[in-house]
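For reference, the structure discussed in these notes is given below.
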Amino acid sequence: MRVVHLRRGGTSVVLRLDPQVLPCVLHWGPDLGDLAPDDLDGLLLAARLPVSDSAMYRQETVSILPQHSSGWLGRPGLLGNRDGAAWSVAFDEVTHRVDEAGAATWLEGPDDGVRLVSVGIDHACGLEVTTELRLLASGLVALRATVTNRGTDRYEVNHLEPALPVPDEAQELLDMTGRHAHERVPQRRPFDVGQWMREAWGGRPGHDSATVLCAGTPGFGFRRGTVWGVHLGWSGNQVLSAERHTAGWRLLRGGERLLPTEGAVDPGESYTSPWLYGSWGRGLDEFSARFHEYLRARPQHPSSPRPVVLNTWEAVYFDHDLPKLLELAETAARLGVERFVLDDGWFRARRDDTAGLGDWHVDEDVWPHGLAPLVDRVRALGMEFGLWVEPEMVNLDSDLARAHPDWVLQTEHGPGLPSRNQHVLDLGHPEAYAYVVDLISALVKQYGIAYLKWDHNRPLVDAGQGLTGRPGVRAQTAATYRMMAELKQRHSGLEIESCCGGGGRLDLGIMEYADRVWVSDCIDAHERHRLVRWTGLTLPPEVMGTHVGSVRDHTTGRRLSLDFRAGSAIFGHFGVEWDLTSADPDEVGQLRTWIERYKHERSLLHTGTVVNADLDIPGLELTGVVARDRGAALYRLSALEHLLVSPPGRVPLPGLDPDQVYLVTATAAPNIRVPGVAAGSEMLQVPWAREGLRMTGRVLEQVGVQAPPLPVDELVLIRAEAV
Ligand code: DGJ
């Protein structure tokens with residue numbers, strides 16, 4: 001038996017490697033420094049459990065794939081069977097191998113981590129399992145398992161859910177919930193004995209997705225306490241769970257929620273679980289930073305300045321009219337928009353959402369000359385052209401469904417309930433896949449499309465494959481990934497936005513192919529504060545689509561100032577989704593200034609470290625991005641409620657270099673009467689904002705600056721520059 005110590009990015013993972021047991025995590029969290037072999041033996045000794053009368057022998061060997069045969073009495077890491085047998089596994093012949101950087105090529109992206117690969121055999125059950133734990137440069141852990149059938153008959157994996165243990169100080173759980181246009185509502189509860197399980201059965205993480213499952217010290221915040229958490233890099237059915245056992249264990253785990261036969265493997269075949277990512281931090285900011293750093297280091301991460309987008313959806317909906325769209329394009333170009341995206345409504349019979357999905361041909365009535373008159377003008381105006389598609393979906397009222405009813409996912413009872421009048425096309429069917437990919441590819445080629453907004457508006461329920469009637473969710477998820485990869489491979493430089501009726505599919509699985517996500521169908525800047533903050537737990541600002549909508553929000557009916565809408569939207573991949581042709585000309589002029597401001601700030605905002613203050617002032621929120629070299633930072637202080645206390649008090653400016661002196665100024669668009677001051681606010685009453693302030697990063701974080709008494713739904717931008 002030996003103990004290995006993996007160290008990367010401020011994280012240590014110490015594992016017990018036993019030739020008869022899959023790897024057991026002894027520590028996952030803060031870097032423990034250099035530890036000699038004797039120290040590691042000491043750590044092992046320190047971690048050993050006392051033998052108790054009632055506990056099963058060996059229960060201390062709870063591995064990253066916990067097994068009942070080793071004394072674990074909670075949820076097993078692997079559950080499966082071979083026609084009712086071979087359901088209790090014992091991988092008791094195990095080899096372990098540690099690969100340093102350069103040896104591992106099984107994750108996309110830079111090969112900068114260290115990995116532990118363990119192969120366990122269960123001769124009696126005819127199974128082999130491989131567990132792979134990778135510690136990446138950012139300190140993020142990636143974990144997965146593969147089960148290979150070494151028997152002579154078919155074996156079915158029912159679930160395969162690797163787990164990571166967290167220490168006893170992790171007493172409070174945090175995850176997300178939500179609904180359409182109201183995603184990412186955080187919820188907390190005590191980490192009590194038992195199991196807290198969050199599942200997704202709709203063939204996608206969903207609008208109510210847990211997104212992450214975190215366990216931390218009581219009251220942990222963005223910069224308070226210590227927190228550990230997991231996220232599943234998978235866009236289909238899934239489960240995340242936290243289990244606390246009276247035997248003393250707290251586990252976080254996750255895996256794919258397999259439907260009958262989806263995990264079946266014939267002799268010699270394997271099933272591999274999706275990547276389970278684990279992060280920890282002294283507060284959620286550090287937890288998130290590991291995800292952001294990992295994503296940014298991948299070669300496919302968007303590195304060009306994120307172009308200002310104009311999306312036509314909330315401007316015209318299905319009402320496609322060339323002169324109107326041309327006017328929108330002209331206005332957009334004058335304001336500095338760089339990418340024009342034609343949303344839903346361009347293809348055959350698509351006059352509303354009852355028909356047309358699947359018939360990916362430009363509508364001859366609405367677009368008698370094809371899209372060329374619009375596309376050519378957009379390009380002549382110096383903008384890229386993007387197009388909305390929904391490749392996985394079909395309306396029963398479409399030529400496609402009429403010609404190939406068996407290509408619609410369905411069960412014995414038929415295709416099931418529609419959602420938004422639509423059903424799901426079986427992309428696991430080779431001909432259906434080829435039909436869609438070829439049509440979309442031809443459009444991309446014909447119109448030189450730079451960007452696809454890829455939507456997904458029906459959950460996969462009753463999702464049986466026409467060929468066999470068997471569940472098709474897993475095959476659909478894999479086919480979607482394959483199609484995105486194939487389109488990108490056929491069309492170099494093509495970008496894809498993952499939209500799922502808003503933010504129903506923005507996991508790290510889809511991020512292998514997507515360059516941007518549509519955070520929510522709710523553009524309301526007030527709601528967007530919550531949506532972007534919590535979506536940002538795993539995703540960095542440059543991949544989160546954030547648009548300036550109409551004065552009166554289409555989802556909530558709230559009326560918000562342009563400064564609040566735009567000042568909120570610049571903390572993401574900025575865009576406009578508003579009928580500018582009928583907007584107040586003054587506001588359109590002001591929007592130009594905000595677009596300039598976004599362009600000026602985007603290199604900082606899209607590469608820096610995201611910070612959030614833990615304010616004890618209800619209704620006040622402070623978020624910022626600090627440059628990687630900590631030479632500058634941009635913060636946004638927002639009032640999201642009518643504040644009880646006024647003036648509200650001091651707010652910290654976190655994340656700066658403690659020993660560096662900064663010049664701190666309140667800034668906003670020049671159109672605001674006093675720079676940095678939301679119109680009508682009492683900002684001038686804060687002397688530092690009027691005069692500018694020179695102060696060290698330490699004082700700015702520890703002491704803070706007086707917050708202006710902002711009116712509700714107004715914000716101010718604060719810039720710190722090293723002097
Ligand atoms: C749902 C998306 O989230 C919206 O942004 C828009 O693209 C519509 N679908 C179009 O049908």
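All residue numbers in this chain count up from 1 along the given sequence. Both counts, for ligands and for their atoms, begin at 1 and track the order of listing.
In this structure, D359 does not pair ionically with R402, as no charged nitrogen and carboxylate oxygen lie closer than 4.0 Å.
Among R350, K453, R351, the single residue meeting the salt bridge (Lys or Arg N to Asp or Glu O under 4.0 Å) criterion with D344 is R350.
Between F340 and F385, the ring planes are parallel. Angles under 30° get that label, and only those over 60° would be called perpendicular.
The protein residues lying under 4.0 angstrom from ligand 1, judged by non-hydrogen atoms, are W313, D343, D344, W388, R420, K453, D455, N457, C499, G501, G502, W518, D521.
Qualifying ring pair (Phe, Tyr, Trp, His ring centres under 6.0 Å) partners for W534, counting only residues two or more places apart in sequence or in other chains: F222.
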Show me the side-chain donor-acceptor pairs of residues 324-337 shorter than 3.5 Å, one per line, residues at least two apart or across chains.
| unit_1 | atom_1 | unit_2 | atom_2 | d |
| --- | --- | --- | --- | --- |
| K324 | NZ | D579 | OD1 | 3.4 |
| K324 | NZ | D579 | OD2 | 2.7 |
| K324 | NZ | T581 | OG1 | 3.0 |
| E330 | OE1 | R377 | NH2 | 3.2 |
| E330 | OE2 | R377 | NE | 2.7 |
| E330 | OE2 | R377 | NH2 | 3.2 |
| T331 | OG1 | E327 | O | 2.8 |

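Sorted by first and then second residue, the side-chain hydrogen bond (donor to acceptor under 3.5 Å, both in side chains) pairs with a member in residues 495-506 read R306-E495, R339-E495, E392-R505, Y451-E497, E497-R516; sequence neighbours excluded.
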